[in-house]
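Here, residue 1 is the first one in the sequence, and each next residue gets the next number. Note that ligands are numbered from 1 as they come in the structure, with each ligand's atoms numbered from 1 the same way. Please read all numbers here as calculations on a predicted model, not as lab measurements.
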Amino acid sequence: MMGLTVFAVTLLCLCFGPVLTLKRLYQLSDLTSTTFAKTFPHNGLMLLYWFTAHVEIDSEDFLTPKDYDPTKGDYGSKTYINRERLLPRIAHNVKDESYYIIGNLKNGAAEFPKYVNQDYYNAYCSLEGDQWINKRDDANRNRDRIIFRLKLLSSGRLRITEVYITQTAVSGLRLNPNLTYEVTPQLLKEIKDIMQHQVAILCPSLKHNEEKAHNMFEDQNLAWFLTLVDYDISRRELCLSNVHCADYAGVGKDCLNHLHCSPGSTEDEFCDWTPVSLRVGTTADGKAAVSWGIPDTKVEEEGLTVALFKNDDSSSALVEKAVDGLTSGSFPTDISLNAGLQVRLVLKGEKQEETLWRGAELDDANRKRPVKIMSTDASMQLFTRDGLAYIRLYVKKSFTNWQNSFPSDWVGYHQAKGGSYVTWVYLNSLVQTTAHKFEGYDVYEHFFNQTITPEASLQLYNAGNRVTTQTIPWDE
Ligand SMILES: *[C@@H]1O[C@H](CO)[C@@H](O)[C@H](O)[C@H]1NC(C)=O
Ligand SMILES: *[C@@H]1O[C@H](CO)[C@@H](O)[C@H](O)[C@H]1NC(C)=O
């Protein structure tokens with residue numbers, strides 16, 4: 001019986017294989033007319049903007065990932081098995097092509113810039129019945145993805161041959177076919193033009209939204225892009241006004257939907273859209289330092305506190321401090337640096353406390369990309385565990401004789417800029433780790449048993465003791 005069922009299901013799959021032809025978006029207006037990621041806390045449009053900024057498009061419309069390598073797992077990219085057959089099938093005998101998926105912010109958010117991840121951390125706006133309430137919208141804050149088909153050329157270069165934007169189901173990785181679109185190079189080029197400020201059509205009907213968007217985003221070209229594709233700026237404004245507007249009456253009170261009330265519209269309410277900045281810095285001995293920068297509108301409120309948490313899932317603060325009317329400041333802590341650490345702005349009332357804003361979680365490399373070692377297929381990165389320094393080396397799987405290529409090169413760990421190394425290791429004595437499994441790379445590590453400092457860096461020396469490669473200082 002069991003076998004029969006499996007057989008029947010397989011048969012069904014075979015017969016009804018790829019039934020859908022996905023809609024293709026050729027130009028900006030095609031994207032505008034979809035419903036893809038138009039409302040807070042969806043961030044698919046910001047993700048698409050980021051993707052476009054990080055892809056090269058040549059004169060023949062060939063796409064190449066610009067400054068990251070999906071086969072190395074950069075920005076949390078993973079191979080995508082096209083199990084649902086939503087995308088065109090890649091035949092089994094095609095070994096040099098696969099689909100990659102990017103945009104899962106759970107555990108992968110920290111690498112992305114703020115405009116991509118801030119609404120994931122701060123999705124405090126949910127629809128309950130017909131009321132908007134200040135509760136985190138966990139169902140929608142991490143659903144948008146980009147999938148692309150990657151081809152490894154015989155030259156060793158990578159080429160992206162197809163790009164899709166898509167949305168996952170509320171739980172799991174199933175994709176919603178109704179919200180999956182192929183994005184053409186033409187559309188990506190149009191977005192690139194917006195990025196380079198080559199589009200400047202002032203359209204009166206968009207002026208109101210454009211002004212709001214310009215207040216909200218530091219990147220004015222992103223603001224313009226979101227306006228043009230009809231992202232719901234007013235909804236985002238409403239959802240975030242809690243932290244940016246003084247005397248804000250609350251999302252749920254009189255607002256059945258965003259058309260009926262907007263922040264800043266009542267007499268004694270005013271808004272300051274200065275971005276909130278909540279950061280984990282580093283003390284001289286590898287501990288977390290908390291720093292904050294917050295809008296004027298909130299700073300006088302009683303009970304306003306900055307607090308450090310183990311990670312985004314944690315509900316009890318490791319350490320906290322009242323902001324005492326200061327719009328910016330910082331303080332050292334005794335908490336060792338570790339991936340996940342997060343600073344939050346909390347309003348502590350008599351009865352309850354309310355999280356106003358969450359900063360990005362710290363990632364173990366403090367957002368520093370691995371640095372390519374000369375012109376080889378290897379790159380190195382400084383990272384931390386428990387406030388101590390480690391090196392991670394990524395070696396392309398095809399670079400099989402790498403150990404012989406660096407016979408006597410050694411890595412110095414430096415704690416101060418311009419200072420000499422405090423300890424060192426031969427590059428080819430690093431030990432392979434299986435904690436990370438990537439399509440295209442092997443990973444090697446070494447523990448330095450020295451603390452991370454704000455100026456910490458790695459320097460690679462050749463046999464003649466000349467520095468050939470170095471990482472940028474940790475906290476720069
Ligand atoms: C997609 O759209 C069709 C037709 O409108 C609908 O029946 C179906 O439930 C939708 N699928 C999802 C996953 O929303
Ligand atoms: C790290 O250094 C400390 C002393 O500074 C020493 O006690 C400890 O054993 C070292 N750990 C390792 C793993 O080498």
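Ion pairing between a basic and an acidic side chain is recognised when a charged N comes within 4.0 Å of a carboxylate O; D137 and R143 show no such pairing. Classification of K287 and D285 as a salt-bridged pair fails, no side-chain N sitting under 4.0 Å from a carboxylate O. Note on R344 versus E320: no salt bridge recorded, every NZ/NE/NH1/NH2 to OD/OE distance being 4.0 Å or above.
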Requested in this report: Give the intermediate values and the outcome of salt bridge (Lys or Arg N to Asp or Glu O under 4.0 Å) for residues R149 and E162.
Outcome: CA-CA 5 Å; R149 182 165 172 162; E162 293 159 19; 3.3 Å; yes

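Relative orientation of the H414 and Y461 rings is parallel, given thresholds of 30° and 60° on the angle between their planes.
Annotation: ligand 2 has protein neighbours F447, N449, each with a heavy atom less than 4.0 angstrom from the ligand.
Taking the salt bridge (charged side-chain N to carboxylate O under 4.0 Å, His left out) definition, one finds that K106 meets it with D313, sequence neighbours left out.
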